Amino acid sequence: MRKVDNEVIGVIGGGQLGRMLLMQARQMNLKSVVWTGGHEAPAIEIADRVIDKPFDDVDAIMEFCQIATVATVEFENIPVKTLERVAQRIELHPSPQAVGICQNREREKTFLRQHGIPCADFDVVTNANGLAAAMERIGPGMLKTADFGYDGSGQIRVKNGDGPAEIWEQFDAPRGVYEQWIAYEREVSVMVARGANGETACYPLAENRHREQILDLTLVPAQVDDSVAQKATELARRVAEVMDYRGIMGVECFLMADGELVVNEMAPRPHNSGHYTMEACIHSQFDQQLRAVMGLPLGSTRLLSPVVMLNLLGDLWPGETEAPDWQPLFEDANATLHLYGKAKASSRRKMGHANFLGETVADAETRALKLKELWLASGQG
Ligand code: ATP
Ligand code: MG
């Protein structure tokens, strides 16, 4: 068994996910190094060492591998070449191959299709003619960039009667995935962890609600039939197994009115829809990630209480550097506040989140929505 206190965990990416991962690492007395990629990095306040260089910097790769004894990613948009170089020198989980699949929609959807995992029908398109053919075959849909999508960026909704030439003109990338429009009833996600020896552990099914294509609320347990929750869990577990995945992964699904599930995408890291685990489960997704990456046994994923997670986006901020009044949240004895330490708010930026534990999901939701409305009213929008 590994002696945890001799390890230095290396985190590629310095965002809030890295920050929360390192808070957990501190609790276990692990040393750490964060490689920011040169971006603003909320994780550096928690890290022992920081490498503030781009992800393709060869010196940075060497430096990172000299300091870290084991590594992970908190962000998938890292060049696969960089990940491969790291993996040649130190243990990296998840693998470069797994991150490579999840970081690119074309590879991701091709992977799902090849393994018979249900996903939206799609075609890869590289010009207006190709888009016209895809629209003809698939019908209404979404045109998405293959690389670097997040929070709905780089996506165009396509309806019946839209012109392929105009849409291609608007589309700001050389290559895209044209995906069938899914008339889903709800969006759900599963956090699945897979350990060193192939054991898996799934967290309870979460229901996700978006606001302008950004996650707004996560409600757990999702209010669906047990059979649906079980099916979603099995899907997530299968994705992790066929990918020979190690670490924690978020699997986002669309739930149809008839109870069928379609996988939308995977996140090869802790995920925003897994933040509820921080107070509502015995082991948070960050704790679980450290366990999986370090080769420790996985922890229990048991839910201790119904919970609603509210994302605190920058539009709740009264001013760029003026945070909302947290007093009403502090007055709720069963709510917790997590702020990411970002210097400036802008409307679509994830500034923090709050978890509301409740007797029921409905009770937690009512309390979360009340505070959201209050903060929205004083926010600058
Ligand atoms: P994120 O980083 O928030 O996960 P993303 O940019 O990776 O977003 P997706 O998750 O693919 O993009 O899509 C964002 C949202 O757009 C989805 O959560 C869903 O609400 C909607 N959406 C995406 N694809 C489809 C589809 N094929 N049919 C209907 N709605 C869709
Ligand atoms: Mg998504």
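When a ligand or atom number is given, it counts from 1 through the structure's own listing order. Given the structure is predicted, the values throughout are model-derived calculations rather than measurements.
By heavy-atom distance, the residue among Arg105, Glu179, Met266 lying nearest atom 26 (C) of ligand 1 is Glu179.
Environment of CG in Asn197: crowded, with over 12 heavy atoms of neighbouring residues, nucleotides or ligands closer than 6.0 Å.
Members clustered with Ile282: Leu304, by chain and number, using a 4.5 Å side-chain heavy-atom cutoff among hydrophobic residues. Residue Val124 belongs to a hydrophobic cluster whose other members are Phe122, Val177, with links defined by side-chain heavy atoms closer than 4.5 Å.
Among Thr277, Asp216, Asn272, Leu217, the single residue meeting the side chain to side chain contact (heavy atoms under 4.5 Å, CB included) criterion with Met309 is Asn272. Test Ile44, Ile12, Val11 against Thr36 for side chain to side chain contact (heavy atoms under 4.5 Å, CB included) and you get one pass: Ile44.
Residue-ligand proximity: Gln155 is placed with a non-hydrogen atom under 4.0 Å from ligand 1. Leu215 does not count as a contact of ligand 1, since none of its heavy atoms falls under 4.0 Å from the ligand.
Taking every heavy atom of Glu252 and a limit of under 4.0 angstrom, the matching atoms of ligand 1 come to 4 (O), 10 (O). Heavy-atom proximity to Trp181, at under 4.0 Å, picks out these atoms of ligand 1: 28 (N), 29 (C), 30 (N). The ligand atoms of ligand 1 that sit less than 4.0 angstrom from a heavy atom of Asn264 are 9 (P), 10 (O), 11 (O). Set against the non-hydrogen atoms of His210, the atoms of ligand 1 under 4.0 Å away are 18 (O).
Ring-plane geometry between His353 and Tyr340 is classed as tilted, the angle between the planes lying from 30 to 60 degrees on a 0 to 90 degree scale.
Taking only nitrogen or oxygen atoms, main chain and side chain alike, Gln180 reaches within less than 3.5 Å of ligand 1. At under 3.5 Å, a nitrogen or oxygen of Glu265, whether backbone or side chain, sits near a nitrogen or oxygen of ligand 1. The shortest N/O to N/O separation between Ile182 and ligand 1 falls below 3.5 Å.
No part of Asn208 comes within 4.0 Å of ligand 1, judged by heavy-atom distances. By the criterion of a heavy-atom distance under 4.0 Å, the side chain of Glu187, and not its backbone, is placed next to ligand 1.
Under 4.0 Å is where a charged nitrogen must lie from a carboxylate oxygen, and between Arg19 and Glu74 no such pair does. Contact check on Arg113 versus Asp121 returns a salt bridge, with a Lys/Arg side-chain nitrogen under 4.0 Å from an Asp/Glu carboxylate oxygen.
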